[in-house]
Amino acid sequence: RGNCRIQVMRSDGSFLVSINPPGVNLSNICGVALDVQGNIHIVKQYNNSGWINTFTPGGAYLSRHEIVIEPSAIGIDVEGHAFVCDEETMSLQVFNSSRDECSTAVKNLEIPRGIALDKDALYTVSYRGGGGYLQKYSLQQALTVDPSRWPPTALTM
């Protein structure tokens with residue numbers, strides 16, 4: 001509990017920087033992602049809500065945005081969209097780069113635990129009935145939210 005910080009390591013495993021800014025509570029972190037500039041984005045749960053905090057690669061505090069979901073993981077695409085798994089609604093939420101707009105990209109994820117992105121696809125990891133499963137979605141499909149298409153079709157892996 002008293003060791004609430006982020007430690008950044010080099011690719012060889014050696015220590016680079018510790019992030020523990022004064023006045024920023026880093027307890028209950030449940031996800032971390034890097035953007036193309038190397039900024040560090042974390043999601044944390046707090047009192048049935050969540051936060052996205054952003055830091056520079058050197059550890060300087062950039063921003064904090066309250067999100068009214070219970071986050072469990074985060075991924076950032078090349079345009080800065082934040083994809084956040086939501087345990088409460090069992091869905092994947094997409095926030096625009098300024099974090100002031102949100103839409104639901106994927107519903108019915110059961111218990112979402114992780115997310116990863118590449119240039120064309122996003123991958124979710126969920127927990128179901130004693131085991132986990134991985135699904136792959138088109139990144140473009142996730143960004144083009146159409147309520148008549150629930151849930152988006154998972155791609156064959």
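Scope of the values below: all heavy atoms of this structure, side chains included, with no hydrogens, waters or symmetry mates.
Hydrophobic clustering of Ile, Leu, Val, Met, Phe, Trp and Tyr side chains at less than 4.5 Å, counting indirect connections, unites V106 with L117. In terms of hydrophobic clustering, with Ile, Leu, Val, Met, Phe, Trp and Tyr side chains grouped at heavy-atom distances under 4.5 Å, V32 and V84 are assigned to different clusters. L109 and L122 fall within a single hydrophobic cluster, where Ile, Leu, Val, Met, Phe, Trp and Tyr side chains are chained together by heavy-atom contacts under 4.5 Å. Note: the hydrophobic cluster containing Y123 also contains V125 (ILVMFWY, side chain heavy atoms under 4.5 Å, direct or indirect links).
By the 4.5 Å heavy-atom criterion applied to side chains, I29 and I6 are counted as neighbours. In this structure the side chain of H41 reaches within 4.5 angstrom of the side chain of D35, judged on heavy atoms. Residues Y61 and I19 have side chains not in contact (no heavy-atom distance under 4.5 Å, counting atoms from C-beta outward). A 4.5 Å side-chain heavy-atom check between F55 and I42 finds at least one atom pair inside the cut-off.
Side-chain N or O atoms of D86 include none that pairs as donor or acceptor with a backbone N or O of L92 at under 3.5 Å. S72 places a side-chain N or O within donor-acceptor distance of the main-chain N or O of P112, the cut-off being under 3.5 Å. R10 places a side-chain N or O within donor-acceptor distance of the main-chain N or O of F15, the cut-off being under 3.5 Å. With hydrogens and angles ignored, the 3.5 Å screen pairs no side-chain donor or acceptor of N20 with any backbone N or O of R5. Side-chain atoms of Q45 come within 3.5 Å of backbone N or O of P71 as a donor-acceptor pair.
With rounding to the nearest 0.5 Å, the separation of CG in L34 from CD1 in I74 is 10.5 Å. From N108, atom CG reaches atom CD of Q135 across 10.0 Å, with rounding to the nearest 0.5 Å. In this structure, the separation between CD on Q37 and CG on L62 is 10.5 Å, given to the nearest 0.5 Å. Rounding to the nearest 0.5 Å gives a distance of 10.5 Å between OG of S49 and NZ of K44. A distance of 9.0 Å separates CD1 of I67 from CD of Q93, quoted to the nearest 0.5 Å. A distance of 10.5 Å separates CZ of F95 from CD1 of I76, quoted to the nearest 0.5 Å.
What you find for G75 and A33 is that their closest heavy atoms are CA-CB, 4.0 Å. Annotation for I115 and C85: closest pair CB-SG, 4.1 Å, computed over non-hydrogen atoms. Across all non-hydrogen atoms, the minimal contact from A82 to I52 is CB-CD1, 4.3 Å.
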| task | Begin with the C-alpha distance, continue with both residues' side-chain angles, and end with the deciding distance and a verdict on side-chain contact (heavy atoms from CB on, under 4.5 Å) for L139 and F83. | result | CA-CA 10 Å; L139 188 55; F83 294 81; 3.5 Å; yes
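Judged by distance alone, the side chains of S98 and D100 do bring a donor and an acceptor atom under 3.5 Å apart.
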